[in-house]
Amino acid sequence: MITTTDLTKVYRSRGREVTALDGVDLHVREGEVYGVVGQSGAGKSTLIRCVNLLERPTSGTVSVAGQDLTALAGRGRGAPPGGSWGSAGSALRQARSRIGMVFQHFNLLSSRTVRDNVELPLEILGVSGRERTRKALELLELVGLADKAKAYPAQLSGGQKQRVGVARALAGDPKVLLSDEATSALDPETTRSILQLLRDLNRQLGLTVLLITHEMDVVKTICDSAALMRDGRIVESGSVSELLATPGSELARELFPVGGVPSGEDRTVVDVTFQGEAATKPVISQLSRMYNIDISILGAAMDTVGGHQVGRMRIELPGRFEENVVPIGFLREQGLQVDVAAIADGPRANPTPLLKEGAK
Ligand SMILES: Nc1ncnc2c1ncn2[C@@H]1O[C@H](COP(=O)(O)OP(=O)(O)O)[C@@H](O)[C@H]1O
Ligand SMILES: [Mg+2]
């Protein structure tokens with residue numbers, strides 16, 4: 001549904017160059033919720049703004065629903081002033097109206113009622129007054145705000161404002177919804193309700209959602225896939241279950257942090273990741289019985305990701321790695337991911353968190 005190929009964005013201001021995107025290949029499948037995470041300045045907002053051509057890429061291509069937006073936009077020389085597309089062609093305008101966008105600070109017009117805010121994109125598309133009103137009321141119903149149609153933004157809570165933002169984003173019947181930190185300005189409970197709304201819309205309307213967040217909880221709660229950005233590049237990406245099954249994945253470690261590794265020459269420490277059916281089987285006790293070994297659990301985390309139970313456990317087996325090849329093979333046969341990167345390599349400091357940045 002969304003593909004970028006070797007996407008690069010270089011900002012030039014006052015003789016200085018900043019490479020905000022450095023060859024990004026992003027692939028978002030139809031109907032999935034895809035999360036982009038990374039520290040401040042990693043290039044997340046630039047990526048999302050390039051996906052709907054709010055920002056003109058320096059090079060590379062962006063296609064949405066099989067349509068190459070960069071080709072529609074034509075190839076000019078460098079970005080226009082302010083990086084925006086003042087003279088975008090009508091084909092591009094049409095394509096962009098099919099991409100909804102939700103913002104961190106809602107961006108509602110305070111002088112317009114809730115209904116009129118939702119109608120705004122339809123006005124721009126030239127939809128007739130009656131049809132606009134019908135559509136706006138239908139969307140407000142969908143986001144649970146039918147009774148607030150005549151209210152003004154100032155009379156709404158943060159969560160309600162964001163619901164209006166979502167309704168407005170859906171006005172052009174988009175196939176894709178982009179969200180740049182849509183829940184960062186909200187308290188945890190409101191965040192949960194907005195995430196639930198995005199998930200419901202994703203399911204009900206088959207809407208593809210690309211969202212940026214710095215909260216791993218958001219990824220855990222609603223994302224099917226995720227990417228980690230650093231210095232303008234995607235350094236890890238995949239479905240959440242693939243990531244969890246990837247040895248040494250930083251995203252997996254953030255999603256399921258387990259304890260540190262104790263030192264020791266004569267013991268084997270492995271991380272075992274449980275997903276799907278394997279998460280409910282008593283594999284560890286079977287292992288202990290079958291090979292008559294004592295197993296210590298050093299750390300564990302269990303959670304539900306996208307409705308599936310997933311967990312990670314750091315366990316210690318007696319003896320060196322060579323002596324544990326058979327038990328480790330047994331765990332793998334049970335469909336578990338076993339990450340042996342941590343074998344007897346001495347004390348290892350907990351990895352530095354990916355997302356030091358707190359809520360802004
Ligand atoms: N309009 C701009 N002009 C110049 N530099 C910019 C502009 N927008 C973003 N940048 C720079 O590009 C880099 C990526 O920024 P951004 O995409 O906003 O990151 P994130 O959303 O991950 O915090 C940063 O170094 C930022 O300072
Ligand atoms: Mg940003």
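Order of listing sets the numbers, starting from 1, for every ligand and every atom in it.
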Going from CD on Glu119 to CG on Leu125, what distance comes out if it is rounded to the nearest 0.5 angstrom?
12.5 Å
Identify, by atom number and element, the atoms of ligand 1 in contact range of Val18, meaning under 4.0 Å from any of its heavy atoms.
11 (C), 12 (O), 25 (O)
Show your reasoning for whether salt bridge (charged side-chain N to carboxylate O under 4.0 Å, His left out) applies to Arg49 and Asp180.
CA-CA 9 Å; Arg49 289 168 60 82; Asp180 191 349; over 6 Å; no
Can an N, O or S atom be found in Thr46 less than 2.8 Å away from the Mg ion (ligand 2)?
no
Is ligand 1 less than 4.0 angstrom away from at least one heavy atom of Gly38?
no
Atoms in ligand 1 with a heavy atom of Ser45 nearer than 4.0 Å
17 (O), 18 (O), 20 (P), 21 (O)
Please check if Met1 and Leu210 belong to a single hydrophobic cluster, counting links between Ile, Leu, Val, Met, Phe, Trp and Tyr side chain heavy atoms closer than 4.5 Å.
yes
Interfacing atoms of ligand 1 (cut-off 4.0 Å, heavy-atom, Ala20):
12 (O), 13 (C), 14 (C)
Give the single entry among Lys44, Met229, Glu55, Arg16 that approaches atom 22 (O) of ligand 1 most closely by any heavy atom.
Lys44
Identify which one of Met216, His214, Lys44 satisfies the side chain to side chain contact (heavy atoms under 4.5 Å, CB included) criterion when paired with Val37.
Met216
Does even one non-hydrogen atom of Gln39 get within less than 4.0 Å of ligand 1?
yes
Which atoms of ligand 1 sit under 4.0 Å from any heavy atom of Thr46?
15 (O), 16 (P), 17 (O)
Do you see a donor-acceptor pair shorter than 3.5 Å between the side chains of Glu55 and Thr46?
no
Interatomic distance, Ser225 atom OG to Glu32 atom CD [nearest 0.5 angstrom]
3.5 Å
